[in-house]
Amino acid sequence: MARCGQCQELFSDNGTNFVGADRILQTHTQECQKSTKVHNFLRSRSIDWHFIPPSASHFGGIWEAAVKSAEKHLLPVSKGFMMTFDETTTLLCHIEAVLNSRPLTPLSSDPSDFNALTAGHFLIGESITALT
């Protein structure tokens, strides 16, 4: 959220760590709602947390595919040695850039035009890893 902004909806599976985190967040939210100022702040920036049905991992297919894509890049590079926090952050930022630069659709029907619409176009106006 620090890099991409606050989300409005969060989807996760029913793993005990997610359910437990939700319980803790709900407890803190209820405590904070006693203050009118805090309550108005939380309500204006609320995040709805949705859980997929129990034992229905196929409901999370889209994000599981994204995790698999990230792991495909992360594991070969990081395997075999311990990275510092800064090295890990840098690596994850580069992987994020690569994933957000994957083509979604061609920008034109011209067969000699190799430019494609990417997620980066929605984020910064061009492919993040584009050579300029």
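What you are looking at is a predicted structure, and each value in this text was computed from that prediction instead of being measured. The first residue of the sequence shown is numbered 1, and numbering continues consecutively from there.
- When only modelled atom types and interatomic distance are considered, Ser112 and Asp110 share a side-chain donor-acceptor pair under 3.5 Å.
- The two residues Leu104 and Ala119 come nearest to each other via the heavy atoms CD1-N, 3.8 Å.
- In this structure, Ser69 OG and Leu99 CG are separated by 6.0 Å, a value rounded to the nearest 0.5 Å.
- Scanning all heavy atoms of the two residues, the minimum distance from Ile128 to Ser101 falls at N-OG, 3.2 Å.
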request  = Output, in order, the C-alpha distance, side-chain angles, deciding distance and verdict of side-chain contact (heavy atoms from CB on, under 4.5 Å) for Thr90 and Met83.
outcome  = CA-CA 10 Å; Thr90 301; Met83 293 188 293; over 6 Å; no
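- In this structure, the side chains of Leu107 and His121 come closer than 4.5 Å at one or more pairs of heavy atoms.
- With contacts defined as side-chain heavy-atom distances shorter than 4.5 Å, the pair Val98/His94 does not qualify.
- In this structure, CD1 in Ile95 is found 10.0 Å from CD in Glu71, a value given to the nearest 0.5 Å.
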**Message:** side-chain contact (heavy atoms from CB on, under 4.5 Å), that's the test. Do Thr84 and Glu87 meet it? Break it down for me.
**Reply:** CA-CA 5 Å; Thr84 65; Glu87 290 170 335; 3.2 Å; yes
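- Counted within 6.0 Å of CZ on Phe81, heavy atoms from surrounding residues, nucleotides or ligands total more than 12; the atom is thus considered enclosed.
- Residues Asn100 and Phe122 fail the side-chain proximity criterion, which asks for heavy atoms closer than 4.5 Å.
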**Prompt:** What's the verdict on side-chain contact (heavy atoms from CB on, under 4.5 Å) for Thr118 and Arg102, showing C-alpha distance, side-chain angles and the deciding distance?
**Reply:** CA-CA 6 Å; Thr118 68; Arg102 293 181 298 175; over 6 Å; no
